[in-house]
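All values below come from the heavy atoms of this structure, side chains included, with hydrogens, waters and symmetry mates left out. Counting convention: from 1, in listed order, for ligands and their atoms alike.
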Amino acid sequence: MSPTTLNDPNAYSNCLIVIFGASGDLTKRKLIPALYSLWESGQAPKSFAILGVSRTEFTSESYRDKLFEFSKGSYDPEKWKEFSQCIYYHPGDPTATGSWKDISSTICDISEKHDLGQNRMFYLSVGPQFFEPIINNIGSSGLVTEGRRYCSIGEERPWQRIVIEKPFGSDPASAIKLNNTLAAVFDEDSIYRIDHYLGKELVQNLLVVRFANSIFEPLWNSNYIDHVQITASETVGVEGRGAYYDSPAGGAMRDMVQSHLMQVLSFMAMEPPVRMDAADIRTEKNKIFKALRVPKYEDVPKIAVRGQYGGGQISGKPVMGYRDEKGVAPESQTDTYAAMQVYVDTWRWGGVPFYLRSGKAMAEKKTEIVIYFKPTPHLLLKEEAKKQKPNQIIINVHPNEGIRLRFEGKVPGLGLKIKDVVMDFDYIKQWDVEPSDGYAILLNDVLRGDQMLFKHRDEIEISWNAVQPVLDYWADNPQDDLPNYNAGTWGPSSADIMMARDNRYWHNY
Ligand SMILES: NC(=O)c1ccc[n+]([C@@H]2O[C@H](COP(=O)([O-])OP(=O)(O)OC[C@H]3O[C@@H](n4cnc5c(N)ncnc54)[C@H](OP(=O)(O)O)[C@@H]3O)[C@@H](O)[C@H]2O)c1
């Protein structure tokens, strides 16, 4: 059975979308705008309804008004009026078993009113501590009738799918426990572990660049590639979410490296799949996760760096240090910056290090993949050799979406002077559209039953294993130099030292 395709008019079966955490930030900022844009562009079921569930008191009308007010004019008022007729709100606590008699009957009433049958998408847009109670309550409610199947063309069976937000566990054991809770209610085919990075155009473009062009793939291996850097840096700090970030489940290694950056790495490193479908892509990604070298505990100081920002300046404005944020412990050891060297032990990638790093309150906001190529086997332009820089492919995932190829060129004029030049594919200039933030693409995939861009349980469990020695080492060995970088810089000097030991440097421009 395969999921329905984008161009298929039967791609979307009518369904009810139930969002738990409907009063929260993600719902109003990302999920409702994404669903609105899918509806507006005809990439949604002919008939569907959205039911928001959370404890805050709203009526359906006041909830619609709140969403519209929040959008600050980004919805066309007439279209919103039409669209919002399918939005409902139910005040109640989905983690409390006692609330479910009412939640279930509201779900059934709306499904009946809109003739949606039993097709349901459950979206867990709540903090991770609420995932398991809600999943258990969904299981006990009897609303999952056919969670073990997803619907394909011509098949009349109803489907129920669950979308689960990050963070997915905080260590290998908690990830396995959450996977087991999910598996007790839903089949793996119905579970959509979302990572909005995988909805980004440039991450998906990686697959196209690699597998639809013959010029890149021959070079995509340890014969030509020296190393790869994957960076996700933010200029903002924790911005009032200190209490959440400073918890045992917080920090850059858990929040970013283990999840988003490992996923990007798997797209970068995977072998060509037999077909471009979810099953084959997941099979290839899984091989990469299995090949991740788990670092030895005693090697952690050599291959990983923890950082934490102190006060500084970003864009000329003062920024307070992490430990001064509300909810953060004065002696906090939480990593607001994490860098790690990773090896993928396969034939293709033997000996090629992947450097992953992520930080808050950094000098620049960017998510990028930089592929550094090896030098030419023989330097012909000897006197210019010192200036010769490695060839690079730079994939700007966000912002300034695009792909840049950096290579050496001749400076105009007499003599053979060389300088690096850039060939630039700029996404916005090329396509004249703003890239999606990922949620519309991913929600469309869930509606069509396409799991290609969602994480399989095995990927999650293995990627936790690969970072756990680092987390254990950091927990056992408090660092007395924290905070060790100023807000508005490129992170701690220890990260530069880690690269310098390998005779390499970070791509900080
Ligand atoms: N915001 C983002 O940009 C973003 C991005 C990526 C991933 N995520 C993930 O998405 C999820 C939701 O994030 P968010 O930013 O929307 O969170 P949020 O604003 O803090 O709130 C989410 C919801 O949790 C509910 N809630 C709070 N305490 C509760 C309790 N004790 N029992 C039951 N419900 C409770 C709240 O509703 P009531 O208080 O009304 O019940 C609220 O609707 C999180 O897992 C987050 O990691 C968020």
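In summary, the atoms of ligand 1 found under 4.0 Å from a heavy atom of P167, numbered by their order in the structure, are 47 (O).
Residues E459 and R282 form a side-chain contact, since some pair of their non-hydrogen atoms from C-beta on lies under 4.5 Å apart. In this structure, the side chains of K285 and F267 come closer than 4.5 Å at one or more pairs of heavy atoms. Looking at heavy atoms from C-beta onward, D445 lies out of side-chain contact with Y192 at the 4.5 angstrom threshold.
Remark: minimum distance from atom 1 (N) of ligand 1 to any protein heavy atom is reached at D25 OD2, 2.7 Å. With respect to atom 47 (O) of ligand 1, the closest heavy atom belonging to the protein is K166 O, 2.8 Å. The single protein non-hydrogen atom nearest to atom 8 (N) of ligand 1 is E165 OE1, 3.6 Å, given as residue, atom name and distance. The protein atom (non-hydrogen) at minimum distance from atom 42 (C) of ligand 1 is S23 OG, 3.5 Å. Counting protein heavy atoms only, atom 21 (O) of ligand 1 is closest to G24 CA, 3.7 Å.
Contact annotation for D93 and ligand 1: only side-chain heavy atoms (C-beta onward) come within less than 4.0 Å of the ligand.
For the pair F130 and ligand 1, the shortest N or O to N or O distance does not fall below 3.5 Å. The distance criterion of under 3.5 Å between nitrogen or oxygen atoms is not met by Y439 with respect to ligand 1. At under 3.5 Å, not a single nitrogen or oxygen of H196, backbone or side chain, sits near a nitrogen or oxygen of ligand 1. Looking at V126 next to ligand 1, an N or O pair under 3.5 Å apart turns up. Residue contacts with ligand 1: Y244 is placed with no nitrogen or oxygen under 3.5 Å of a nitrogen or oxygen of the ligand (distance criterion only). For ligand 1, the polar-atom distance check against L26 finds a nitrogen or oxygen pair separated by under 3.5 Å. Checked by distance only, ligand 1 and K30 stay at 3.5 Å or farther apart across all their nitrogen or oxygen atoms.
Between K287 and E284 a salt bridge is recorded (basic side-chain N to carboxylate O distance below 4.0 Å). A salt bridge links E132 and K177; the closest N-O separation between the charged side-chain nitrogens and carboxylate oxygens is under 4.0 Å.
Taking all heavy atoms of R29, R55, E57, R241 into account, the minimum distance to atom 34 (N) of ligand 1 is reached by R55. Comparing heavy-atom distances from atom 12 (C) of ligand 1 across P91, G21, S125 singles out S125 as nearest. When I164, V53, T56 are ranked by how near their heavy atoms come to atom 40 (O) of ligand 1, first place goes to T56.
In E112, the CD atom is not crowded: 12 or fewer heavy atoms of neighbouring residues, nucleotides or ligands sit closer than 6.0 Å. Other residues, nucleotides and ligands place no more than 12 heavy atoms under 6.0 Å from the NZ atom of K66. At most 12 non-hydrogen atoms from other residues, nucleotides or ligands lie less than 6.0 angstrom from CG of D432.
Each of L206, I394, L261, L265 was compared with I369 under the side-chain contact (heavy atoms from CB on, under 4.5 Å) criterion, and only L206 meets it. Of the candidates W39, Y36, F83, F70, Y75 forms a ring-ring contact (aromatic ring centres under 6.0 Å, His included) with just one, namely Y36.
Taking a 4.0 Å cut-off on heavy atoms, A96 fails to register as neighbouring ligand 1.
For H456 and F289, the ring centers are positioned 6.0 Å apart or more.
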